Amino acid sequence: MFQVLVIGGGLSGCAVACELAAVGAKVTVAEKTGRAGGKVRSYGCKATDKCNNCGVCLAGGLWEKAEKNSNIDIICNAKLVDVTGGPGDYSAVLKTPEGVRYFNSLASIVVATGFEESPAASGHLQIDGRQGIIRGLELEALMKGRGKETLFDKVPQSVCFIQCVGSRDKKEGSMYCSRVCCSYSTRAAKVIRQIYPECGITFFYMELQAVANGDYFAGLQGLGMEFIKSRPLKITAGAPAVVEYEDMVRGRVCKREFDIVVLSEGIHPPDDADITAELCRLSQDKDGFLKSAENSWDSGVFVSGCAKRPMKIEETWADSAAVAKEVLSRWRKI
């Protein structure tokens, strides 16, 4: 039996742990929060009258599976404080509420620390107040708790999505595309349209990423959804909330009122990514995401999921399986 330490108990961390435990590895998962599962545990299914392939079902029951596996030890509220040793024989120290714990003879370490949401206020966007404004994760929670005929406390007449919040933003140091925003917002918009057929839905966007095969966005326009290519300048909270944006066609600043404004937040590296990189002998790319300082195969330290770059749920799942396969292959070659 070989031992592996997984840093992070979200989607990627649990997926890697389950894959390795299935072939006999002894896996310790160090999760910094109070429970395993990560952010995806709070995500809601976005099916309408049919599946919209949001990927949430992939993670269904994953954390319970990890928690029940006798080969997996999940330590919550754990912080990695030291890593010593070398390839095939690492030692690690975790700080936990119960005290310091030491782990030796680790064949590999997998860093699956996930991501943080973008700040509530993006560098380019001024936001005054909170009334009528919800964040992406708040919308996810509503999706998870929704009924067949209700989603919001009051029936909205108009909803708008502000895309690329925290992404494509030089002031935020995040010029990259977060990849997930178009996917979750447009699928959520389909749910809103199904529950509230008379509700007007508007997207403010910079560019639109591929979500599904075919002419996906034309299909949304066919449902009466409006797409405005503009980056809003200011949102003033209220009932209704007011969005100020530059009209690219008329060349002037316009204002629109909406009952609900959704901030489609992007993905940022964790705030402590630099510390993790130092402890695990990793490097960071220009955007702050983690990458191996040397060949992962040689070092025995692997980066998995959104710790390495923005990924959708299905991409994270596939990457985690690939990383687990690399860890296993390396151990079998030692």
Side-chain angles (χ1 to χ4, degrees), residues 6-18 29-47 52-67 74-80 110-120 122 134-146 161 163-167 172 174 176-188 191 211 262-273 276 287-290 303-321 323:
V6 177
I7 309 300
L11 170 58
S12 185
C14 285
V16 169
C18 287
V29 177
E31 168 55 35
K32 68 179 181 180
T33 70
R35 66 175 187 177
K39 297 176 185 63
V40 73
R41 188 164 182 165
S42 301
Y43 291 178
C45 173
K46 298 169 192 67
N52 282 311
N53 300 309
C54 67
V56 171
C57 294
L58 281 174
L62 175 62
W63 38 90
E64 289 94 343
K65 182 180 177 182
E67 289 167 344
I74 300 176
I75 306 175
C76 293
N77 299 306
K79 179 181 180 181
L80 180 69
V110 178
V111 179
T113 46
F115 66 93
E116 299 294 343
E117 307 84 30
S118 301
S122 183
I134 62 175
R135 302 182 64 173
L137 278 181
E138 292 173 323
L139 180 61
E140 288 285 2
L142 290 172
M143 288 285 161
K144 185 171 184 178
R146 67 185 168 103
F161 290 83
Q163 301 301 103
C164 299
V165 174
S167 298
E172 289 289 347
S174 52
Y176 55 87
C177 172
S178 287
R179 295 178 51 76
V180 301
C181 318
C182 289
S183 298
Y184 77 72
S185 60
T186 55
R187 287 172 171 132
V191 174
V211 174
V262 181
L263 306 179
S264 297
E265 300 162 309
I267 285 176
H268 279 208
D271 294 336
D272 59 355
T276 302
D287 299 314
F289 293 96
L290 299 174
V303 184
S304 181
C306 288
K308 66 172 69 168
R309 62 179 178 272
M311 295 185 190
K312 302 173 185 176
I313 292 175
E314 62 272 21
E315 293 170 334
T316 300
W317 188 276
D319 185 71
S320 303
V323 168

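Side chains included, hydrogens not; waters and symmetry mates left out as well; all remaining heavy atoms used. Keep in mind it's a predicted model, so treat the numbers as computed, not measured.
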Using every non-hydrogen atom in the two residues, find where [X] and [Y] come nearest and quote the distance to one decimal.
X    : Y    : value
Y176 : I267 : OH-O, 2.6 Å
V6   : G13  : CG1-CA, 3.7 Å
A36  : C76  : N-SG, 4.2 Å
A47  : V191 : O-CG2, 4.0 Å
S185 : Q163 : OG-NE2, 3.0 Å
I74  : E67  : CD1-CG, 3.7 Å

Next on the checklist: Apply side-chain contact (heavy atoms from CB on, under 4.5 Å) to residues L62 and C18 and explain how you reach the verdict.
Outcome noted: CA-CA 8 Å; L62 175 62; C18 287; 4.0 Å; yes
Item to check | D319 side chain to G305 backbone, donor-acceptor under 3.5 Å | outcome: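 It does hold such a pair.
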Please report the interatomic distance [atom1]([X]) to [atom2]([Y]), rounded to the nearest 0.5 Å.
X    : Y    : atom1 : atom2 : result
R41  : C14  : CZ    : SG    : 8.5 Å
C45  : R146 : SG    : CZ    : 6.0 Å
F115 : K39  : CZ    : NZ    : 5.0 Å
L290 : I7   : CG    : CD1   : 11.5 Å
D271 : T276 : CG    : OG1   : 10.5 Å
E314 : C54  : CD    : SG    : 9.0 Å

Next on the checklist: How about NZ on K65, more than 12 heavy atoms from neighbouring residues, nucleotides or ligands closer than 6.0 Å, or not?
Outcome noted: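 Atom NZ in K65 is not packed in, count stays at 12 or less.
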Checklist entry - If you draw a 6.0 Å radius around NZ in K79, do more than 12 non-hydrogen atoms from other residues or ligands fall strictly inside? => result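 No, not enclosed.
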Item to check | Pair K46 + E140: basic N to acidic O under 4.0 Å | outcome: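 Here K46 pairs with E140 in a salt bridge, since their nearest N and O are under 4.0 Å apart.
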Checklist entry - Is any side-chain N of the basic residue among E116 and K32 closer than 4.0 Å to the acidic one's carboxylate O? => result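 Looking at E116 and K32, the cut-off is met.
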Checklist entry - Considering residues at least two apart in sequence or located in another chain, which fulfil the side chain to side chain contact (heavy atoms under 4.5 Å, CB included) criterion with N77? => result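 Here the qualifying residues are P97.
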Item to check | Verdict with reasoning, R187 to V56, per side-chain contact (heavy atoms from CB on, under 4.5 Å) | outcome: CA-CA 12 Å; R187 287 172 171 132; V56 171; over 6 Å; no
Item to check | side-chain contact (heavy atoms from CB on, under 4.5 Å) evaluation trace for M143 with L139 | outcome: CA-CA 6 Å; M143 288 285 161; L139 180 61; 4.1 Å; yes
Next on the checklist: By the definition side chain to side chain contact (heavy atoms under 4.5 Å, CB included), identify the one residue from M311, H268, E315 that meets it with C306.
Outcome noted: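 The passing option is M311.
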Next on the checklist: Between T316 and V40, is the side-chain contact (heavy atoms from CB on, under 4.5 Å) condition met? List the steps.
Outcome noted: CA-CA 11 Å; T316 300; V40 73; over 6 Å; no
Next on the checklist: Can you confirm whether or not the ring centre of Y43 sits under 6.0 Å from the ring centre of Y184?
Outcome noted: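 No, they do not, as the ring centres are separated by 6.0 Å or more.
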